[in-house]
2 protein chains.
Amino acid sequence: MSVDPRYGTGRSVTLPGPLRLDGGVLLSPVDIGYETYGTLAPDGGNAILVCHALTGDQHVASEHPRTGKPGWWTRMVGPGKPIDTDRYFVICSNVLGSCLGSSGPATINPATAKPWGMSFPVITIRDMVRAQAMLLDHLGVDKLFAVVGGSMGGMQALSWAATFPERVASAVVIASAARHSAQNIAFHEVGRQAVMADPKWRGGDYYEDNDPPVAGLAVARMAAHITYLSEAGLTAKFGRKLQSRETKTFGFDADFQVESYLRHQGLAFVDRFDANSYLYITRALDYFDLAEEHGGLLANAFKGADTRFCVVSFDTDWLYPTSESRSVVHALNAAGARASFVELKSPFGHDAFLLESPELDRVVRGFLQAGVA
Amino acid sequence: MSVDPRYGTGRSVTLPGPLRLDGGVLLSPVDIGYETYGTLAPDGGNAILVCHALTGDQHVASEHPRTGKPGWWTRMVGPGKPIDTDRYFVICSNVLGSCLGSSGPATINPATAKPWGMSFPVITIRDMVRAQAMLLDHLGVDKLFAVVGGSMGGMQALSWAATFPERVASAVVIASAARHSAQNIAFHEVGRQAVMADPKWRGGDYYEDNDPPVAGLAVARMAAHITYLSEAGLTAKFGRKLQSRETKTFGFDADFQVESYLRHQGLAFVDRFDANSYLYITRALDYFDLAEEHGGLLANAFKGADTRFCVVSFDTDWLYPTSESRSVVHALNAAGARASFVELKSPFGHDAFLLESPELDRVVRGFLQAGVA
């Protein structure tokens with residue numbers, strides 16, 4: 001825990017629950033790992049919840065405890081940044097089902113005193129949001145000035161606005177969608193099958209031997225990573241460039257730079273992420289269909305809400321393409337909600353929301369400043 | 001072997017070689033599994049070589065011996081079809097490195113009397129073409145009326161025209177490219193890592209125990225299969241439709257139809273294909289860069305050639321998008337070659353070339369009829 005609260009105070013809390021999950025299970029207790037930055041205003045009106053993506057975590061603007069790397073969104077969150085921790089009280093919590101301090105398959109099931117493994121209940125994006133609402137209750141935050149997220153974080157932001165409209169003044173939804181497409185599901189299914197095909201997965205019971213299915217998880221990460229980048233971005237960064245060698249080796253080592261890059265992505269990932277958590281969170285994403293939760297009509301999710309929305313897409317994002325954001329905006333318009341929408345140019349595909357993007361900074365800063373905090 | 005040669009005569013031949021491979025190895029002998037349909041004209045002028053794709057085979061218009069399924073291009077090749085076996089002598093051979101009768105990792109290395117496994121030399125698209133040329137010598141075919149192929153088959157057609165221009169009167173290149181992009185390589189690397197991560201792969205030495213790495217190979221196939229389909233096609237065919245159940249199971253079974261479809265694709269594939277062959281052929285594809293073989297300028301590959309070209313792409317193909325075909329056509333134009341080019345509409349992505357496409361039929365039929373046979 002650092003001294004200056006602007007730079008992050010890593011914490012976790014065990015809430016008694018129970019939390020009723022969409023699958024019908026009552027989860028209790030509910031552990032939540034989280035970080036906060038900045039100070040809650042006396043009137044409680046300056047709280048911003050930042051929601052992380054599939055393999056993200058609560059260390060949005062502070063060092064990751066396992067990897068020692070800087071926070072994953074330090075260009076967006078911090079003193080003087082668009083989400084200004086001198087001004088706002090920023091909360092980021094590890095999602096339910098993940099592995100950085102929140103309840104998930106790697107945590108202990110109190111009924112058995114052993115890790116849950118695959119007996120952990122299947123969760124949804126809305127369940128993640130409900131757990132976050134419990135955390136806000138614990139922190140004394142009644143209403144959010146804003147909820148902000150990219151990718152899966154954007155889905156949580158949408159789910160927040162739909163589930164607790166009275167607790168959300170504004171929502172920023174970046175590079176996201178209101179449902180997972182067939183292609184999205186297909187890529188996730190490949191990843192899950194890669195994990196489950198690894199004999200070390202053993203039905204999810206690998207914790208006690210500390211011998212997790214890293215090979216399968218690395219393959220899953222490699223496949224997913226391709227979807228985070230654009231074809232043009234890959235070509236610009238790697239093209240057909242060979243490794244340090246001058247010529248092809250006529251073998252199966254990583255001859256091309258893009259091969260060794262992908263292998264590195266796979267190997268680095270398994271050091272910081274739990275394979276079962278990967279199964280659970282991809283499942284939550286695949287189950288996400290906000291319209292389905294509201295009688296099949298997405299506009300119903302936002303009827304009567306007073307929340308302001310800012311929707312942002314990137315032109316080369318083929319994982320959650322602009323067309324998905326446009327569908328969200330159409331639904332918001334149909335519901336009479338206040339919504340702004342912008343498609344930004346970037347060569348970096350879906351990952352653009354995590355990378356240097358002055359335009360995104362400007363959009364987020366301007367949208368937040370237009371609110372009253 | 002069937003009686004009527006129009007319906008395929010499954011054969012194989014062992015040629016003494018040696019075949020000098022691009023990697024420098026001399027391969028000897030060279031086994032080639034092949035099929036022919038129709039009858040070679042007395043002047044030898046009606047031969048068409050059909051080249052198959054990554055996991056294809058020589059059974060272009062006749063039953064597959066392992067699966068019992070019809071040939072993979074019966075709508076294109078046969079009596080009265082665009083590639084008319086009443087008129088043309090059609091040859092299709094299993095590519096070098098594959099597993100349907102041609103030399104590859106699953107065949108016997110005469111030096112050890114054991115399967116080659118990963119000691120089989122790494123091969124290239126041009127090596128495949130050189131082996132096909134040896135087969136044509138054996139069959140007494142001096143010059144091809146046409147070489148025709150889709151996907152990797154189209155790469156072979158391009159390589160044929162570049163390597164043996166005097167032996168190719170015309171070339172039909174469908175849904176293909178003159179080089180593998182970084183994204184293409186990335187997807188193949190995921191597949192290879194999935195195979196190699198399977199403990200049953202055992203460095204490629206799994207033949208004697210007859211216990212191949214089917215789990216890893218199935219994952220590889222699933223990942224690749226997504227790239228063969230368009231996002232829109234997947235949405236139209238599956239969307240978010242659930243299996244026979246009414247509601248989500250909140251579990252990890254195949255809840256969505258697209259999941260069980262993909263799982264089926266993976267499982268069906270491992271019954272008919274060798275995992276090591278998958279490694280070798282994906283490697284050959286990744287190494288393919290026709291410009292690189294010709295001093296870095298694609299047009300050089302076709303300089304002075306008298307071959308007529310027909311290049312076809314599909315608008316929803318994101319594996320080998322239209323831009324790749326356009327690059328080929330630009331190079332052909334720069335080389336002064338006769339080339340026609342058409343982009344066809346299809347919802348089916350890369351797989352369109354294998355599916356019902358009356359426009360493709362018309363293009364191929366018309367192009368062949370415009371030649372002199």
Side-chain angles (χ1 to χ4, degrees), chain A residues 21-25 118 121-124 179-183 185-187 189-190 192-194 196-200 215-216 218-219 222-223 225-226 229-231 234-241 248-252 254-259 261-263 266 279 283 286-287 289 292 318 321, chain B residues 21-25 118 121-124 179-183 185-190 192-194 196-200 215-216 218-219 222-223 225-226 229-231 234-235 237-241 248-252 254-259 261-263 266 279 283 286-287 289 292 318 321:
Chain A
L21 302 173
D22 275 332
V25 174
M118 298 302 286
V122 165
I123 45 142
T124 66
R179 48 136 212 200
H180 241 213
S181 73
Q183 192 184 65
I185 296 170
F187 274 114
E189 176 65 3
V190 168
R192 285 190 294 264
Q193 291 295 315
M196 292 174 165
D198 188 331
K200 292 188 174 180
V219 169
M222 289 172 66
H225 197 80
I226 301 174
L229 309 172
S230 72
E231 197 276 336
L234 273 172
T235 296
K237 191 166 181 179
F238 302 109
R240 296 182 46 82
K241 286 199 286 279
K248 299 180 185 114
T249 61
F250 288 93
F252 289 90
D255 252 13
F256 295 101
Q257 290 181 12
V258 67
E259 293 177 291
Y261 169 77
L262 267 191
R263 290 187 192 181
L279 301 181
R283 201 48 161 165
D286 292 350
Y287 274 178
D289 184 349
E292 187 197 72
W318 59 280
Chain B
L21 303 173
D22 275 332
V25 175
M118 297 303 286
V122 166
I123 46 141
T124 65
R179 47 137 212 201
H180 241 213
S181 73
Q183 191 184 64
I185 296 171
F187 274 113
H188 276 174
E189 176 65 4
V190 168
R192 286 189 295 264
Q193 291 295 316
M196 292 175 166
D198 188 331
K200 292 188 174 180
V219 169
M222 289 172 67
H225 197 80
I226 301 174
L229 309 172
S230 71
E231 197 276 335
L234 273 172
T235 296
K237 190 166 181 179
F238 302 109
R240 295 182 46 83
K241 286 200 285 279
K248 301 181 185 111
T249 63
F250 288 94
F252 289 90
D255 251 14
F256 295 101
Q257 290 180 11
V258 67
E259 292 177 292
Y261 169 78
L262 267 192
R263 290 187 193 183
L279 302 181
R283 200 52 162 163
D286 291 350
Y287 274 178
D289 183 350
E292 186 196 70
W318 59 280

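Heavy-atom pairs under 4.5 Å with chain B were tallied for A:Gly266, A:Ala186, A:Ala218, A:Ala197; the largest tally goes to A:Ala186. Chain B forms the most heavy-atom pairs under 4.5 Å with one residue out of A:Tyr261, A:Phe187, A:Phe238, and that residue is A:Phe187. Annotation: maximal heavy-atom pairing with chain A below 4.5 Å, among B:Pro121, B:Ala215, B:Ala182, occurs at B:Ala182. Highest contact tally toward chain B, considering only A:Gly251, A:Ser230, A:Pro321, A:Gly239, is held by A:Gly251 [criterion: heavy-atom pairs under 4.5 Å]. In terms of non-hydrogen atom pairs under 4.5 Å with chain B, the most contact-rich of A:Leu262, A:Asp198, A:Thr235, A:Asp289 is A:Asp289. With chain B as the partner, the residue from A:Glu231, A:Gln257, A:Lys237 showing the most heavy-atom pairs under 4.5 Å is A:Glu231.
The backbone N or O of B:Ile123 sits nowhere less than 3.5 Å from a side-chain atom of B:Arg283 that would complete a donor-acceptor pair.
Rounded to the nearest 0.5 angstrom, B:Ser181 OG and B:Asp286 CG are separated by 9.5 Å. The line from CG of B:Asp255 to CD1 of A:Ile185 is 9.5 Å long, rounded to the nearest 0.5 Å.
Interface remark: B:Val258 contributes side-chain atoms only to the contact with chain A (heavy atom separation under 4.5 Å). With a threshold of 4.5 angstrom between heavy atoms, A:His180 approaches chain B through its backbone and through its side chain. If you measure heavy-atom distances from B:His188 to chain A, you find no contacts under 4.5 Å at all. Residue B:Leu279 touches chain A through both its backbone and its side chain, counting heavy-atom pairs closer than 4.5 Å.
Across all non-hydrogen atoms, the minimal contact from A:Ala194 to A:Val219 is CB-CG1, 3.9 Å. Nearest approach of A:Val122 to B:Phe250, heavy atoms of both residues: CG2-O, 3.2 Å.
Between A:Arg263 and B:Glu189, at least one side-chain nitrogen of the basic residue sits less than 4.0 Å from a carboxylate oxygen of the acidic one, meeting the salt-bridge criterion. A salt bridge does not link A:Lys248 with A:Glu259: none of the charged nitrogens is closer than 4.0 Å to a carboxylate oxygen.
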